[in-house]
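A short worksheet on the structure shown next.
Along the sequence shown, the residues carry numbers beginning at 1. Side chains are part of it too, since the values below use all heavy atoms of this structure and drop only hydrogens, waters and symmetry mates.
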Amino acid sequence: MKITTIVGARPQFIKLAPFSKKIRERYDETIIHTGQHYDPNMSGNFFQELQIPAPDYNLEIGSESHGVQTGQMLIALEKIVVKEKPDLLVVFGDTNSTLAGALVGSKLQIP
């Protein structure tokens with residue numbers, strides 16, 4: 001089974017750490033970082049300190065209005081998900097990254 005995990009903000013990185021460690025014991029995981037939080041203190045340091053594998057994709061979306069940020073994420077995520085063809089998408093929380101990931105999964109009919 002191929003699992004794609006979509007994260008983009010500090011609280012999601014914290015949730016990703018134990019999840020990714022366990023998932024990788026049995027499944028292939030692709031991590032997509034939307035770049036919603038991009039400052040080293042809000043992003044990169046969490047990956048290092050929590051020993052999360054480096055993202056396979058970093059969209060580097062950055063700061064924009066909610067609509068622009070979410071729209072850019074939708075476009076970029078859809079391209080990657082179509083290419084990767086995961087069996088399952090995982091999103092955490094209630095951020096723009098979560099909304100964009102959930103919409104892509106729903107529209108592409110990926111649980």
| field | Check: Thr70 side chain, His66 main-chain N or O, donor-acceptor pair, under 3.5 Å | value | yes
| Do side-chain atoms of Lys2 reach the backbone of Tyr27 as a donor and acceptor pair under 3.5 angstrom? | no
| said: Taking atom CG as the centre, does Asp56 end up with more than 12 heavy-atom neighbours from other residues, nucleotides or ligands that are less than 6.0 angstrom away? | reply: yes
Nearest heavy atoms of [X] and [Y], plus distance in Å:
{"X": "Ile80", "Y": "Tyr57", "result": "CG2-CE1, 3.5 Å"}
{"X": "Met1", "Y": "Asp87", "result": "CA-OD2, 3.4 Å"}
{"X": "Ile31", "Y": "Ser20", "result": "CD1-OG, 4.0 Å"}

| Transitively linked via ILVMFWY side-chain contacts under 4.5 Å: Leu108 with Leu103? | yes
| In terms of hydrophobic clusters joined by side-chain contacts under 4.5 Å, are Leu77 and Ile75 together? | no
| task | Describe, in one word, how the ring planes of Phe47 and Phe13 are oriented to each other, choosing from parallel (under 30°), tilted (30 to 60°) and perpendicular (over 60°). | result | tilted
| request: Please lay out, stage by stage, how Gln12 and Thr98 fare under the test side chain to side chain donor-acceptor pair (under 3.5 Å). | output: CA-CA 9 Å; Gln12 296 164 350; Thr98 307; 2.9 Å; yes
| Among all residues two or more places apart in sequence or in another chain, which pass the side-chain hydrogen bond (donor to acceptor under 3.5 Å, both in side chains) test with Glu25? | Lys22
| task | Please identify each residue that fulfils side-chain hydrogen bond (donor to acceptor under 3.5 Å, both in side chains) with Glu64, with sequence neighbours left out. | result | none
| message | If I take atom NZ from residue Lys15 and atom CG from residue Leu50, how far apart are they, to the nearest 0.5 angstrom? | response | 13.5 Å
